[in-house]
Amino acid sequence: QKAAQNLKPVVPIKFHISSRTDTGVHALCNSAHLDIQRAPGKPALNEKQLVYSLNYHLKPEPIRILNAFRVTSSFHARFSALSRTYVYRLLMGCTHYSEIPVFERDLCWAPAGGCLNVTAMQDAAQFLLGTHDFSTFRSLNSETPFQSPVRTILQADIQPSSGFLSHHYERRGLEFWELKFRSRSFLYRQVRRMVGALVAVGQGKLTPHHIKELLERKDSRAFPPNAMAPPSGLFLKSVEY
């Protein structure tokens, strides 16, 4: 928003962002919309000029504008989104947090115990697909009384992945896995709770069918204590329009 103000608009600019993320959660990509009203006689900025100008003023910040598109006045970065995709990165094979590769610190979660039963986790993830009341899988906040707990999970996949520079430590037996979730929208901390419950299944603390039972309870207090996944492994991957 500060970078955009350097474009000398007539009216102060306000960014409307598609998704907010918790502290410690990353965004590989996000979307926002803004209106720029230029002074009389000044031509409208084209997409390429806008990207270049914003990035020039964003040099000190850990953020870059990748693309800009002219949209209709009815478009809204948040409410026009068809879906959002989140990825959660798990690291298996670590018996102690000190074994996490230094370049992966705060970019993944290495659950205690090292190994997980991925097949059981994949079976459990199927119960999350479709439209459900996800009350058990949300943390309570000030918006809870005004939000419907019903959400539709369009995708819930668990696939092997690679780590940053992983070929340098391939002999250590470390495995990266990605849990990918796609929905039009998610409840507060819903993804982190779903991941935590699936990891509990992988650790043998829950069975796959327990996921179905948690959904049916429709009560945030029914969620297993201390099972929510930490924010460091979660990434907003994309917003689809």
Side-chain angles (χ1 to χ4, degrees), residues 1-7 9 11-36 45-90 103-109 134 137-139 141-143 147 151-157 159 161-164 176 178-195 228-241:
Q1 193 158 296
K2 287 178 182 176
Q5 284 302 131
N6 286 308
L7 303 178
V11 179
I13 286 175
K14 180 171 175 56
F15 264 84
H16 298 270
I17 201 153
S18 71
S19 302
R20 294 175 295 171
T21 56
D22 297 343
T23 301
V25 174
H26 314 284
L28 296 172
C29 190
N30 207 339
S31 308
H33 82 262
L34 68 160
D35 297 308
I36 301 177
L45 293 168
N46 65 38
E47 288 92 334
K48 189 174 286 189
Q49 288 173 323
L50 183 60
V51 170
Y52 179 85
S53 300
L54 288 176
N55 282 333
Y56 176 82
H57 294 292
L58 284 167
K59 276 181 181 177
E61 305 298 332
I63 184 172
R64 291 295 177 268
I65 306 301
L66 303 179
N67 287 297
F69 304 94
R70 193 177 302 279
V71 292
T72 63
S73 58
S74 61
F75 177 88
H76 195 287
R78 180 180 176 188
F79 301 116
S80 299
L82 298 177
S83 63
R84 294 160 174 83
T85 301
Y86 280 87
V87 167
Y88 198 99
R89 300 180 71 236
L90 289 177
F103 292 111
E104 293 286 357
R105 192 174 298 163
D106 298 325
L107 297 173
C108 62
W109 177 28
F134 281 95
F137 289 88
R138 73 169 167 185
S139 294
N141 66 0
S142 59
E143 296 180 5
Q147 272 190 335
R151 292 293 186 273
T152 301
I153 301 296
L154 303 168
Q155 182 178 12
D157 292 339
Q159 301 287 344
S161 182
S162 59
F164 183 60
F176 283 90
E178 285 187 359
L179 288 75
K180 184 184 290 186
F181 300 95
R182 184 165 61 90
S183 174
R184 189 172 186 277
S185 62
F186 294 90
L187 298 166
Y188 181 50
R189 293 180 174 170
Q190 180 185 348
V191 176
R192 289 171 59 193
R193 282 193 167 214
M194 291 191 300
V195 171
M228 184 167 66
S232 55
L234 183 58
F235 297 76
L236 173 61
K237 183 180 186 294
S238 58
V239 183
E240 293 82 36
Y241 294 96

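The figures here come from the full heavy-atom set of this structure, side chains too, leaving out hydrogens, waters and symmetry mates.
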With heavy-atom distances below 4.5 Å as the criterion, would you say the side chains of [X] and [Y] are in contact?
X    : Y    : answer
V195 : F181 : yes
L179 : D157 : no
T152 : R184 : no

Q.
Parallel, tilted or perpendicular: which one describes the rings of H33 and H16, with boundaries at 30° and 60°?
A.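 Plane angle under 30°, so parallel.
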
Which of parallel (below 30°), tilted (30 to 60°) and perpendicular (above 60°) describes F79 and H76?
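F79 vs H76 ring planes: tilted.
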
D22: which residues meet the salt bridge (charged side-chain N to carboxylate O under 4.0 Å, His left out) condition with it, sequence neighbours left out?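 Partners of D22 under the salt bridge (charged side-chain N to carboxylate O under 4.0 Å, His left out) test: R189, R192.
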
Exercise. Output all residues satisfying salt bridge (charged side-chain N to carboxylate O under 4.0 Å, His left out) with R89, sequence neighbours left out; order by chain, then residue number.
Key: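 Result, salt bridge (charged side-chain N to carboxylate O under 4.0 Å, His left out) vs R89: E104.
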
Do the two ring centres, one from Y86 and one from F186, sit under 6.0 Å apart?
yes

Hey, is CZ on F75 packed in by over 12 heavy atoms from elsewhere, all under 6.0 Å?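 Correct, the count exceeds 12.
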
Crowding at CZ, F15 (>12 non-hydrogen neighbours, <6.0 Å)
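Result for CZ/F15: enclosed.
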
Fill in: Side-chain donor-acceptor pair present, T85, Q155, cut-off under 3.5 Å
no

Which atom pairs, one a donor and one an acceptor, fall under 3.5 Å between side chains of residues 60-71 and the rest of the protein, sequence neighbours left out?
unit_1 : atom_1 : unit_2 : atom_2 : d
R64    : NH1    : L58    : O      : 3.0
R64    : NH1    : E61    : O      : 2.9
R64    : NH2    : K59    : O      : 3.2
R70    : NH2    : L45    : O      : 3.1

Between the CD atom in Q147 and the CZ atom in R138, the distance rounded to the nearest 0.5 Å is 6.5 Å

